[in-house]
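A short write-up of the structure that comes next.
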Amino acid sequence: MRGNKTGSCLFQGPAASRAHKIYLYLTEFFAGMSVMAVELGASRLLAPYFSSSQIVWTIIIGTIMIAMALGNIYGGRKADRDPSPDRLYGRIVTAAIWIALIPVLGKYIIVGISALMIFTVDTNFLIWAAFAACMAIFVFPLFLLGTVTPSLVKYTMDSLDDNGKTVGTLNAANTIGSIIGTFLPTFVTIPAVGTSVTFLIFAGILLVLALIYFISNRIRSVRAAVAVILLTVSCFLGSADHFAFWEDGLVYEGESVYNYLQVKEDEEEVSLSTNVMFGVQSVYRKDGGLTNTFVDYALAAPLMAGRSEKEDLEVLMLGVGAGTYATKCLQYFKDIRVEGVEIDGKITRLAGTFFHMPADVPVVEYDGRAFLQVTDRKYDVIFVDAYQDITIPFQMSTMEFFDLVSSHLAEDGVMVVNLNMWEQDSDGINAWLMDTISCVFDYVHIVDVPATTNCELFASRRDGMQERLRSSLAGIEDVQLQDLMRQISDSLKKYEPGNHRMTDDRAPVELLGIRVIDDLIRQEVSYYRGLYDREGIDGLREALGL
C-alpha cells in the first residue's frame with residue numbers, strides 16, 4: 001500500500017475540515033456497529049454447537065473484551081508512532097476480510113476444535129471448547145477493530161483546548177453505532193437473512209468504509225483489492241446457513257430470533273432439533289403411532305388429572321416445540337382442549353408445516369412465565385417442556401415459577417415436567433429442580449424414559465396420581481398406549497426431596513447443567529477414545545466413515 005502524505009491527503013494536518021472530521025466520526029460509528037454485530041453473530045454461530053446459555057455468553061463477552069483491550073493499547077501506540085490514518089484503514093480492511101471468511105470457515109473451525117477437545121479435555125468440555133473456538137475465530141478481527149478508537153483520537157485532535165469535546169464525540173459515535181449494531185442483527189438481519197449473511201453485510205460495510213478512504217486519497221491498496229475478491233467469493237461460499245454440514249436428510253434448516261432450527265426426515269419419522277450437538281427436541285411418527293420419546297410418557301398426566309371423570313379437560317403446554325404433545329393428546333383422548341405458549345413463533349410454523357400439528361390448537365407467541373402472569377385461567381394439566389440441553393431458562397426453574405404454575409392448576413391438576421438431562425447425582429441439576437418443585441407441590445412422582453436421558457416428573461397438590469392412572473387403564477382404547485400407561489404406573493416412584501432450593505435470586509442452572517453435559521460427552525466418546533488408543537487415527541477414520 002502506498003500512502004500519500006502530502007496536502008492532498010483527506011485527513012492531513014491539524015486544520016482538517018469539518019467534513020473530514022465527520023468521516024472520522026463515521027468510521028468510529030461503523031466500527032462500533034460492526035463490533036456489536038460480530039458479537040451477536042458470534043453467539044448465533046456458537047449456539048448450535050455449544051448452546052446459548054449464560055456461560056457461552058460470558059465466554060463471548062470476555063474474549064471480545066480481551067480483544068478490544070489489547071486493540072486499544074496497540075492502536076494507541078501505533079497512532080503515536082505513525083499519525084497517518086493509512087495503516088488504520090488497512091487494519092479495517094484486514095478485519096473485513098477475516099469477518100467475511102467466518103461464514104465460510106467458522107463452522108469447520110468449531111467442529112475441528114471440538115473434536116480435538118473431546119480427546120484432550122476431561123472436564124468442562126463446553127467451556128474450554130467454546131473459549132478456544134471464540135479465541136480462534138473472533139479475537140483477531142475484534143483486536144483490529146479495537147485499534148480504531150485510540151487511533152481516531154489521535155487523528156481528530158486539533159488541540160488540547162477541545163480534547164474533551166473530541167473524545168466525547170468519538171465515544172458518542174461509537175456508542176450510537178453499538179446500539180444500532182445490537183438491534184439490527186437481532187431484529188432484522190439474522191431473522192431475515194441468517195447469521196452467515198449478517199457477517200457478510202458488516203464485513204462489506206467495513207470494506208466500503210476503507211475503500212472510500214483509499215479512493216478519495218488516490219491510494220492504491222493491494223490488500224483492499226484482495227478484500228473485494230475474498231468478500232465476493234465468501235458471498236457465494238458462505239451465504240448458506242448449513243451448520244450441520246455433515247447431515248443428510250435435512251428438509252429444513254434456518255434461524256429464528258431465538259434458535260437455530262433443523263428438520264430432518266426419513267422413511268419413518270420427522271424430527272426437530274434446535275441445535276447441532278445436543279440431540280432431538282421433537283419427533284413425529286409417520287405411522288401415527290407413539291413416538292418412543294418422553295412425549296409418550298407425558299401422556300400419563302391427563303389420566304392422573306382424572307380425565308375419565310371429567311367432561312372437558314384443559315391442557316396447557318409451556319413450550320410447544322413441534323406440537324407433538326398436542327397432536328398425541330388430541331389423538332388418544334376425547335373431550336380434551338389443548339393450547340400452548342411458545343416463545344419462538346418460527347417453531348410453531350414448522351409444527352404445522354412438517355409435524356401435522358392440528359391448526360385449531362391455539363398457540364400464544366410469548367414467554368411461558370410471562371403468560372402465566374397475565375392470565376387467570378386454570379388448567380387440569382400444565383406440561384412444562386421449556387428446557388433444552390443446558391439452556392434451562394432460570395426464570396422457569398425457580399420456586400416462584402412453580403408457585404405460579406400451581407396457582408393456575410385445578411385443585412386436582414397435574415404439572416408434568418420433562419427433565420431432559422437425567423442423572424442420578426444427588427447434587428445435580430435434576431435434584432435441584434425436583435427439590436425445588438417439592439417445595440411447592442406436596443406430591444411428586446418420577447419415571448425414567450428408557451434408552452434416553454429424559455425423566456418425566458409429575459407433581460400435584462392432591463394425592464392419588466398413581467391410583468388415578470391405574471384406574472383409567474381399562475378405558476384406554478389404544479392397546480399400545482394402554483401397555484405403556486400400565487408400564488408407567490408400575491414404574492412410577494415417589495420422589496423423596498432433599499434440601500436444594502432455586503429461587504429468582506439464586507438459580508445456578510448453567511453450572512449444574514454443564515456437569516451433566518460433561519458426563520454425557522464423556523460417555524459418548526469413551527468408545528472412540530478407546531478405538532483411537534488401540535488403532536490410532538486410521539481406525540477412528542474408518543469407524544466414522546471418513
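Atom CE of Met33 and atom OG1 of Thr182 lie 10.0 Å apart (nearest 0.5 Å). Summarising the geometry, atom CD1 belonging to Ile60 is positioned 12.5 Å from atom CD1 belonging to Ile55; distances are rounded to the nearest 0.5 Å. Atom CD of Glu267 and atom CG of Asp287 lie 12.5 Å apart (nearest 0.5 Å). Between the CD atom in Glu342 and the CG atom in Asp385 there is a gap of 9.0 Å [rounded to 0.5 Å]. Here the CG atom belonging to Asp360 is positioned 9.5 Å from the CZ atom belonging to Arg337, to the nearest 0.5 angstrom. Note that the CE atom of Met415 and the CE atom of Met304 stand 12.5 Å from one another [nearest 0.5 Å].
When each of Ile59, Thr58, Val56 is paired with Phe131, the side chain to side chain contact (heavy atoms under 4.5 Å, CB included) condition holds for Ile59 and for no other. The side chain to side chain contact (heavy atoms under 4.5 Å, CB included) test with Met357 is passed by exactly one of Leu330, Val338, Val320: Val320.
In terms of modelled atom types and a separation under 3.5 Å, the side chain of Asp296 and the main chain of Thr291 share a donor-acceptor contact. A donor-acceptor pair is defined here as one N or O able to donate and one able to accept, closer than 3.5 Å; no such pair exists between the side chain of Ser491 and the backbone of Val447. For Trp98 (side chain) and Phe138 (main-chain N/O), no donor-acceptor pair under 3.5 Å exists by modelled atom type. Ser234 places a side-chain N or O within 3.5 Å of a backbone atom of Ala100 that can act as its donor or acceptor partner. Formation of a donor-acceptor pair under 3.5 Å by the Thr324 side chain with backbone atoms of Val283 is found in this model. In terms of modelled atom types and a separation under 3.5 Å, the side chain of Lys107 and the main chain of Ile102 share no donor-acceptor contact. Using a distance-only test at 3.5 Å, with no hydrogens or angles considered, a donor-acceptor pair links the side chain of Ser397 to the main chain of Phe394. With hydrogens and angles disregarded, no donor-acceptor distance shorter than 3.5 Å links the side chain of Tyr332 to the backbone of Asp478. Side chain of Lys493 to backbone of Asp448: no donor-acceptor contact under 3.5 angstrom is found. Distance alone, capped at 3.5 Å, places no donor-acceptor pair between the His356 side chain and the Thr327 backbone.
Closest approach of Ala305 to Leu313, counting heavy atoms only: O-CD1, 4.4 Å. Taking each heavy atom of Ala227 and Leu207 in turn, the nearest pair found is CB-CD1, 3.5 Å. Scanning all heavy atoms of the two residues, the minimum distance from Pro191 to Lys346 falls at O-NZ, 4.4 Å. Closest approach of Phe236 to Thr232, counting heavy atoms only: CD1-O, 3.1 Å. Scanning all heavy atoms of the two residues, the minimum distance from Ala136 to Ile109 falls at CB-CG2, 4.3 Å. Looking at every heavy atom in both residues, Glu400 comes nearest to Met502 through OE1-O, 4.5 Å.
Counting non-hydrogen atoms of other residues, nucleotides and ligands closer than 6.0 Å to CH2 of Trp57 gives a total above 12. No more than 12 heavy atoms of other residues, nucleotides or ligands lie within 6.0 Å of CD in Glu268, so this atom counts as exposed by the packing criterion. Atom CZ of Arg377 is surrounded by more than 12 heavy atoms from other residues, nucleotides or ligands within 6.0 Å.
Pro185 places none of its side-chain heavy atoms less than 4.5 Å from the side chain of Phe199. Considering only heavy atoms from C-beta on, Val93 stays 4.5 Å or farther from Val226 through its side chain. By the 4.5 Å heavy-atom criterion applied to side chains, Glu456 and Val449 are counted as neighbours. No side-chain heavy atom of Asn430 sits less than 4.5 Å from a side-chain heavy atom of Ile446. Side-chain contact between Tyr325 and Val381: present, with at least one pair of heavy atoms (C-beta onward) separated by less than 4.5 Å. Here the side chains of Leu261 and Val263 are not in contact, with every heavy-atom distance at 4.5 Å or above. Contact annotation: the side chain of Phe30 never approaches that of Ile92 to less than 4.5 Å [non-hydrogen atoms, C-beta and beyond]. Two residues are said to be in side-chain contact when any heavy atoms from C-beta on lie closer than 4.5 Å; Leu209 and Ile205 fail this criterion.
By the 30° and 60° cut-offs, the orientation of the rings of Phe355 relative to Tyr284 is perpendicular. Under the 30°/60° scheme for interplanar angles, the aromatic rings of Phe183 and Phe187 are found to lie parallel.
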- prompt: Run the side chain to side chain contact (heavy atoms under 4.5 Å, CB included) check on Phe458 and Leu469 step by step: do they pass?
  reply: CA-CA 12 Å; Phe458 303 90; Leu469 175 59; over 6 Å; no
- request: In sequence, state the C-alpha distance, the side-chain angles, and the governing distance for Arg369 and Leu404, and then conclude on side chain to side chain contact (heavy atoms under 4.5 Å, CB included).
  value: CA-CA 8 Å; Arg369 179 165 174 173; Leu404 197 58; 3.9 Å; yes
query: When you look at Leu290 and Leu299, which way does the side chain to side chain contact (heavy atoms under 4.5 Å, CB included) test go after all the steps?
result: CA-CA 10 Å; Leu290 294 173; Leu299 291 173; 4.2 Å; yes
message: Determine whether Leu145 and Leu142 satisfy the following criterion, side chain to side chain contact (heavy atoms under 4.5 Å, CB included), listing intermediate values before the conclusion.
response: CA-CA 5 Å; Leu145 292 178; Leu142 294 175; 4.1 Å; yes
